[in-house]
Amino acid sequence: MAEFSGDEDMQSGGDTVDALRFFGKRPNITPQGSRRTAEEMDSASSSSKTDGSDPYRYRMDYPCIGSCLIINNKNFDSNTSMSARNGTDVDAAAAVQAFSKLGYKVNVANDQTVKQMKQLLYDASREDHSDRASFVCVLLSHGDEGVIYGTDGFERFEDLTIYFKGDRCRSLVGKPKLFFIQACRGSDLDDGSSIETDSVDAQTSERIPVEADFLYAYSTAPGYYSWRNTQNGSWFMQSLCEMLLRFNRELELMQIMTRVNCKVALHFESASGLPGYSGKKQIPCIVSMLTKDFYFPQK
């Protein structure tokens with residue numbers, strides 16, 4: 001594949017993608033097998049809907065909603081042959097504003113190597129989350145199928161999230177762990193298509209899977225580029241932060257994410273100075289292992 005760089009669009013604030021600058025042979029990535037450690041749980045009926053008593057709704061009556069770690073990678077080592085991710089600071093600022101307003105304690109780390117990324121996530125998983133309702137991580141970087149890039153190379157995404165599995169991070173067991181990832185997942189381009197429309201918890205000793213209660217919100221579908229405007233930020237992160245702030249008082253998280261999908265899918269189209277890169281579309285991909293409804297607490 002020919003070299004792709006977003007540099008041609010820097011002056012005009014055009015759209016670019018969060019991917020490798022040079023696309024050659026893909027890294028050989030073999031997903032690790034997952035262990036089956038859970039039993040099916042019987043769900044008890046409940047007639048009351050008071051805080052913490054609804055078996056289909058995450059408890060939010062903790063002292064703190066949780067912490068939010070934002071890893072914002074903009075500048076990359078020259079030996080990676082990857083261009084700077086201009087516009088990512090706009091995304092990071094929007095994420096800080098959104099999650100701070102939602103009540104999260106936000107920590108931002110810029111231009112992290114692979115080792116530093118892993119250390120940050122490991123340290124976050126080792127914190128005592130007993131008095132927190134959830135955990136959020138926002139990853140802003142280059143990427144490819146199954147991997148996220150530090151400033152000096154790549155790491156498999158699953159090796160970054162493994163620290164938060166139920167058998168490793170006990171204080172987050174049964175609590176939502178939300179990961180929002182702005183990065184490419186391949187080099188396919190979405191040409192779009194035309195359509196016609198006619199419309200204007202109580203304490204228990206139950207065992208749960210170690211993979212439960214995770215949400216992975218990817219900016220794009222598997223195999224595709226993820227678009228980022230070099231002046232205004234990425235389509236996904238800007239839409240995510242807008243919808244979180246607009247609907248957090250009335251909608252459940254998955255309903256909010258559906259609105260994010262709608263915003264990205266219908267309101268954006270690439271405008272690039274590179275031949276063949278204009279007029280492209282994007283659809284986020286939400287992978288949920290959440291076991292209950294997630295409603296943000298009302299202040």
Centre of [Y]'s six-membered ring, under 6.0 Å away, within 45 degrees of the axis: is that where NZ or CZ of [X] sits?
{"X": "Arg59", "Y": "Tyr62", "result": "yes"}
{"X": "Arg126", "Y": "Tyr163", "result": "no"}
{"X": "Lys177", "Y": "Phe214", "result": "yes"}
{"X": "Arg249", "Y": "Phe296", "result": "no"}

Distance flag, aromatic centroids of Phe164 and Phe179, threshold under 6.0 Å: yes
field: Near-ring test Tyr224/Tyr218, centroid separation under 6.0 angstrom
entry: no
Is the shortest side-chain N to carboxylate O distance from [X] to [Y] below 4.0 Å?
{"X": "Asp159", "Y": "Arg156", "answer": "yes"}
{"X": "Glu127", "Y": "Arg132", "answer": "yes"}
{"X": "Asp18", "Y": "Arg228", "answer": "yes"}
{"X": "Lys165", "Y": "Asp167", "answer": "no"}

message: Between Leu215 and Met289, does the side-chain contact (heavy atoms from CB on, under 4.5 Å) criterion hold? Intermediate values first, please.
response: CA-CA 6 Å; Leu215 178 125; Met289 277 81 80; over 6 Å; no
Within the 3.5 Å criterion, strictly below it, is a donor on [X] or [Y] matched to an acceptor on the partner's side chain?
{"X": "Asp91", "Y": "Ser234", "result": "yes"}
{"X": "Asp213", "Y": "Thr291", "result": "yes"}
{"X": "Ser226", "Y": "Gln182", "result": "yes"}

task: Please report the shortest heavy-atom distance between Ala183 and Ile148, naming the atom on each side.
output: CB-CD1, 3.9 Å
message: To check you understand the geometry: which heavy-atom pair defines the closest contact between Asp144 and Gly186, and what is its length?
response: OD1-CA, 3.5 Å
statement: The reported gap from OH in Tyr216 to CD in Glu158 (rounded to nearest 0.5 angstrom) is 9.0 Å
message: I'd like to know if the side chain of Glu250 and the backbone of Phe247 have a donor-acceptor N/O pair within less than 3.5 Å.
response: no
Donor-acceptor contacts under 3.5 Å from residues 64-76 side chains, at least two apart:
| residue | atom | partner | partner atom | Å |
| --- | --- | --- | --- | --- |
| Asn72 | OD1 | Thr88 | OG1 | 2.6 |
| Asn72 | ND2 | Asp89 | OD1 | 2.9 |
| Asn72 | ND2 | Asn110 | OD1 | 3.1 |
| Asn73 | OD1 | Gln112 | N | 2.8 |
| Asn73 | ND2 | Ser141 | OG | 3.4 |
| Asn73 | ND2 | Tyr149 | O | 3.0 |
| Lys74 | NZ | Asp89 | OD2 | 3.2 |
| Asn75 | ND2 | Asp111 | OD2 | 3.1 |

- prompt: When the ring planes of Phe268 and Trp235 are compared, do they come out parallel, tilted or perpendicular, using 30° and 60° as the limits?
  reply: parallel
query: Once the angle between the rings of Tyr277 and Tyr225 is folded into 0 to 90°, is it parallel (under 30°), tilted (30 to 60°) or perpendicular (over 60°)?
result: tilted
